[in-house]
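Scope of the values below: all heavy atoms of this structure, side chains included, with no hydrogens, waters or symmetry mates. Just so it is clear, the structure is predicted and the values come from calculations on it, not from any experiment. Sequence lines set the chain letters: A, B, ... in the order given, protein chains first and strands last, and positions in each chain run from 1.
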Amino acid sequence: MSAKIVTITSGKGGVGKTTAVANIAVALASLGARVCCIDGDIGLRNLDVVMGLENRIVYDIVDVIEGRCRLRQAMIRDKRLPELYLIPAAQTRDKSAVSPSDMVRLGDELRNEVDWVLIDSPAGIERGFRNSIAAADQVLVITNPEVSAVRDADRVIGLLEAEEKGSPSLILNRLNPSMVRNHDMLSAEDVLDLLAIRLIGVVPEDENVIVGTNRGTPIALEPKSIAGQAFRNIARRMCGEDVPFLELDNKGSLWARIQRMTGRK
Amino acid sequence: MDEQTVPVQIKGLRDGLLITIGNGEWAALEAALLEQIHARQSFFRGARIALDVGSHILRVNELVALRDRLSDRGVSLWAVLSESPTTEKTAQLLGLATRISKPRPEETRKFAVDDLGNATALFVNKTLRSGTRIEFPGHVVVVGDINPGAEVVAGGNVIVWGRVRGMVHAGAKGDSSAYICALDLSPAQLRIAEEVSAILTPLKSPRPEIASINQDGKLQSSPWEPG
């Protein structure tokens, strides 16, 4: 079977690209798929840290491209899931070490090895971004419900359309339902209204995501976490399943209504 | 082969090779170029080339394919020079340079607007996303939204069948009788001729509006009344 190559990008930094790649990869691998993540942020690598694989790095993506090792040697196997791999970025080089055609070749080589290739794009719209999307069959744009992040996502979507990459799908990350309810935050509808692309997932704000990131244990491994559930749902939607969106706003529940009436919320 | 029929000319530059591609069918020219490279492998290995494609219009996938074929042969494509704005845009999208140290004389792009007087409009049938800028000497008609961060600058009027949330400048060459109308006018900023306005009170329930310069010389908007 030939792998599908998916790039996750955002334009703006710090909206959760790396976290999303780690979690979706873990979720896909938990569904039994063979997954390989590529850290496209050469010079500022951190996908390895988020996945807890930092201490296993021997070879990196630039070593593969420059022929210092075979592809298999640079694929670090995850310690929890047997069919999850990571190709880390080089820390001592920069984006110019890789060209878009290098990425296309690397992607084609990986197609025979796994079912999914997830590429973590760096922030920005320059060389690193171009490299990351060069090989992609599908692009997921991730954004936060913040005006600046949405503006950058809009720009990236425009660039992707110009590159004839087809319409990307949207992940809305770090949504805080109670802030939306008080009209202090853009709602999913507001964001979709502007960006006008397919929504593939809404991830609620959750402190445990940060804890997981720091420990190198992606939250999608926690069965009880709602953010983890959101990432697992994204993975299932990527596989073509029709999964309903999580009910994040619990204002409809009886208890919440009582709380509101008594002024406790 | 005399000079006229040579499809591919190669010239040394200070920082690489300049390859000029002649006229004709692109596929044949590309094949001729690759053949040249194949015939003189040792000369081309590791070379850095700038490609002057003249008036050929190249799409992203064609240029990507060529770049990959070149890099398979150890040749890196560094710049694409072109007379066609489409090709230039393509090259820029791929992160290739479109100028080398000695730029070709810049041709001023002239639209055939003057001959037609007021009758020309640019028709844009898509949503303009952040970072897009449209400049046109005549009128501009947009079917779609103008998102925040997008800009439309027109010599004439601007008509938007959609929402305006970016920047629109009508009558950019000084025509203060120009107007802007849209189904929902809630822009970051509007300009007509020299007037700039950022204080258009957004309506609670959006409806079609038209913005123009009133008798006092101020930019104002008013709801569009049918009939």
Side-chain angles (χ1 to χ4, degrees), chain A residues 10-12 65-67 95-109 122 124-136 141 143 146-168 170 186 190-197, chain B residues 46 48 58-78 80 85-97 124-134 143-151 162-167 183-184 186-188 204 206:
Chain A
S10 68
K12 191 173 182 295
I65 282 166
E66 295 181 350
K95 312 286 189 266
S96 61
V98 178
S99 79
S101 47
D102 291 330
M103 290 299 285
V104 172
R105 271 197 300 267
L106 180 64
D108 286 341
E109 211 176 321
I125 51 173
E126 293 82 19
R127 178 70 176 262
F129 165 72
R130 306 264 172 222
N131 285 342
S132 300
I133 62 165
V141 173
T143 188
E146 283 169 32
V147 175
S148 54
V150 173
R151 181 84 56 100
D152 291 357
D154 192 41
R155 174 97 167 100
V156 163
I157 296 165
L159 291 173
L160 291 167
E161 285 171 356
E163 286 260 9
E164 295 167 359
K165 281 286 172 198
S167 187
L170 182 73
L186 295 173
D190 295 335
V191 176
L192 277 177
D193 192 38
L194 185 82
L195 298 181
I197 57 172
Chain B
R48 201 165 165 261
L58 297 181
R59 312 287 303 164
V60 173
N61 40 13
E62 289 168 320
L63 210 51
V64 166
L66 175 63
R67 185 184 56 191
D68 291 349
R69 286 190 196 121
L70 289 173
S71 83
D72 287 342
R73 289 162 175 82
V75 177
S76 75
L77 183 61
W78 135 64
V80 171
T86 317
T87 311
E88 277 201 341
K89 226 172 92 192
T90 310
Q92 281 163 359
L93 280 174
L94 296 173
L96 298 167
V124 183
N125 192 15
K126 61 169 188 184
T127 289
L128 300 178
R129 296 190 181 273
S130 175
T132 323
R133 181 179 167 94
I134 293 211
V143 177
D145 297 344
I146 299 178
N147 281 359
E151 299 177 0
R163 287 173 293 217
V164 174
R165 290 185 277 203
M167 196 283 283
L183 294 184
D184 174 5
S186 29
K204 276 207 182 110

_For the CG atom of Asp68(B) and the OG atom of Ser99(A), what is their distance to the nearest 0.5 Å?_
7.5 Å

*State which residue, out of Asp152(A), Leu159(A), Asp154(A), fulfils the side chain to side chain contact (heavy atoms under 4.5 Å, CB included) condition with Ser130(B).*
Asp154(A)

*asked:* Is Glu163(A) close to chain B through its backbone or its side chain, or both, or neither, when contacts mean heavy atoms under 4.5 Å?
replied: both

*asked:* With a 4.5 angstrom heavy-atom cut-off, is it the side chain or the backbone of Glu161(A) that approaches chain B, or both, or neither?
replied: side chain

*How far apart are the closest heavy atoms of Arg105(A) and Asp72(B), and which atoms are they?*
NH1-OD1, 2.9 Å

*Crowding at CZ, Arg48(B) (>12 non-hydrogen neighbours, <6.0 Å)*: yes

*Against chain B, label Asn131(A) side chain, backbone, both or neither, depending on which of its atoms sit under 4.5 Å from a heavy atom there.*
neither

*With chain A, which of Pro148(B), Ser76(B), Gly131(B) has the greatest number of heavy-atom pairs at distances under 4.5 Å?*
Pro148(B)

*Would you indicate whether Lys165(A), at its atom NZ, is surrounded by more than 12 heavy atoms from other residues, nucleotides or ligands within a distance under 6.0 Å?*
yes

_Part of Arg151(A) within contact of chain B (heavy atom distance under 4.5 Å)_ = both

_I need the minimum non-hydrogen distance between Leu194(A) and Arg129(B), along with the two atoms involved._
O-NH1, 4.3 Å

*When only pairs under 4.5 Å are counted, which of Glu126(A), Arg130(A), Arg127(A), Glu164(A) shares the most heavy-atom pairs with chain B?*
Arg130(A)

